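First comes the structure, then the notes that go with it.
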Amino acid sequence: MNADGRTRLNQTPEWTALEKHREELAGTGLRDLFAAEPGRGSGYTLQVGDLHIDYSKHLVTDETLRLLRELAAATDVFGLRDAMFRGEKINVTENRAVLHTALRAAPGAVVEVDGENVVPAVHAVLDKMAGFAERVRSGEWTGHTGRRIRNVVNIGIGGSDLGPAMAYEVLRSFTDRDLTVRFVSNVDGADLHEATRDLDPAETLFIVASKTFTTIETITNATSARSWLVDALGDEAAVAKHFVALSTNAEKVSDFGIDTANMFEFWDWVGGRYSYDSAIGLSLMIAIGPDRFREMLDGFRLVDDHFRTAPAEANAPLLLGLLGIWYDNFHDAQSHAVLPYSHYLSKFTAYLQQLDMESNGKYVARDGKRVEWQTGPVVWGTPGTNGQHAYYQLIHQGTKLIPADFIGFAEPVAELSGELKAQHDLLMANFFAQTQALAFGKTAEEVRAEGVPEELVPHKTFPGDRPTTTILARELTPSVLGQLVALYEHKVLVQGAVWNIDSFDQWGVELGKVLAKRVEPALTEGKEVPGLDTSTQALVAKYRELRGR
Ligand code: F6P
């Protein structure tokens, strides 16, 4: 029994039923499942907005899905979902509401936190962002010397970087190509150096994005950027026209020297990794324009509404979350690959790594006890065709089970034409061929029938039964991006609910931050750090020796 009165997850009858079912299904492969159900290919699909989701190539039957839904019911997944939408403080360890869904609520909607409707404030900030974005895009907002802004550099890390950086890449073909937009996150000075070395300070706007405005990497980079600007323009007053802030912390923004009139606000009920559709998306909004940004929000909202209202049998985030649990908890899968067949989605998986792994990489349950079941998987992947010539070998013939999501589009982005547009069919031929090969493999008989010498037959045999979800949409638009991100956001909630963990805190990243602050004086001044282990002590000494200190 849990401290909160719930039966331990792995002792529930629903869990035990799934374990038994897993044993019964052992030996039943995808070839068997497809042979038994002629309608499976088109039947195991869902349409959510523009997303066609095919889950037929999973090692599941109707019974598996029913049992998984029973587990979701027993763990009250929809109860947590509803509590989130209602603005309850479901981030229990930080006592905070989790309301990224309010960021894309329609203007007339009512979402209350502590009795206050937050939707008007959300739209006020969106309007302020839109006004500013238009002024930068039109050239009305000028730099300190009166020159037009041509470069935008977002300085932030984690959720204050990955979302806008990913979305800027995804929507590049919708951006104003006359603007250079860059993202600096790493405290390695090389990042800021490379981002600014060819920019004219008089034409550069820095957006300092930090929810807390205390994150050392961001504040260090922002301070260096300010020196770069002031040194070049020779006037401290230049900061006012070249720095804006995105934050929840007006006091720290002001301490840094940014006028809070040039601060775009968000709230503690927006988690960093769930924040790019808040003010944190300002760089993206400048790049694509407010209308496209709002289209993206509409896409998010479409999937929010679906998640909130669709029945369990047809609820896509629920389904994807449960399929992940099936492999994670009942097939011992350790990782989950996300493989987009779109160059524009090249940063999508990196974005999902924070969303998923910072949310569900927890070994402590909501009741404070250690879990006795696996929680979040390692999420990884890069654009699919490149992966095919690198790590797909392991997915096809390795010893590990790696469930994967394949994401592709029927149309290339509108900007492509001629031969480049024609290449899209080849890209997508790979997309379809891979999930087919992963699912059905190639038997030894089929290999032999091709006249392959007997000693090579085992090497050329593919076992198949490598499960995949296919997500196919017509075109990668701002709305489709919003739909995709919301789908994964809600999948994370589903899994956290089943595992009974708090998906919305991130205590695990705090220790490293504290220790870095303690170790720094040892590097710079050779100070003794009390309690430093002998390995780290020796490494620090070696570092100082190599630096001639
Ligand atoms: O890495 C920890 C973390 O707190 C993330 O959750 C967050 O997105 C990131 O740091 C950046 O934080 P901030 O926006 O406060 O600078």
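Atoms within a ligand are numbered from 1 in the order they appear, just like the ligands themselves. Just so it is clear, the structure is predicted and the values come from calculations on it, not from any experiment.
The side-chain tip of R292 does not point at the ring of F174 from less than 6.0 angstrom away and within 45° of straight on. Under a cutoff of 6.0 Å and an axis angle of 45°, R135 and F132 do not form a cation-pi pair.
The 4.0 Å heavy-atom shell around ligand 1 contains residues I157, G158, G159, S160, S210, K211, T212, T215, G272, Q354, E358, Q506, V509, K513, ordered by chain and number.
Annotation for K128: atom NZ counts as buried by contact number, over 12 foreign heavy atoms lying within 6.0 Å. The environment of CD in E528 is sparse: at most 12 heavy-atom neighbours from other residues, nucleotides or ligands sit within 6.0 Å.
Checked by atom type and distance alone, the side chain of Q483 never pairs as donor or acceptor with a backbone atom of G299 at under 3.5 Å. Although no hydrogens or angles enter the test, the distance criterion places a donor-acceptor pair under 3.5 Å between the side chain of D502 and the main chain of T93.
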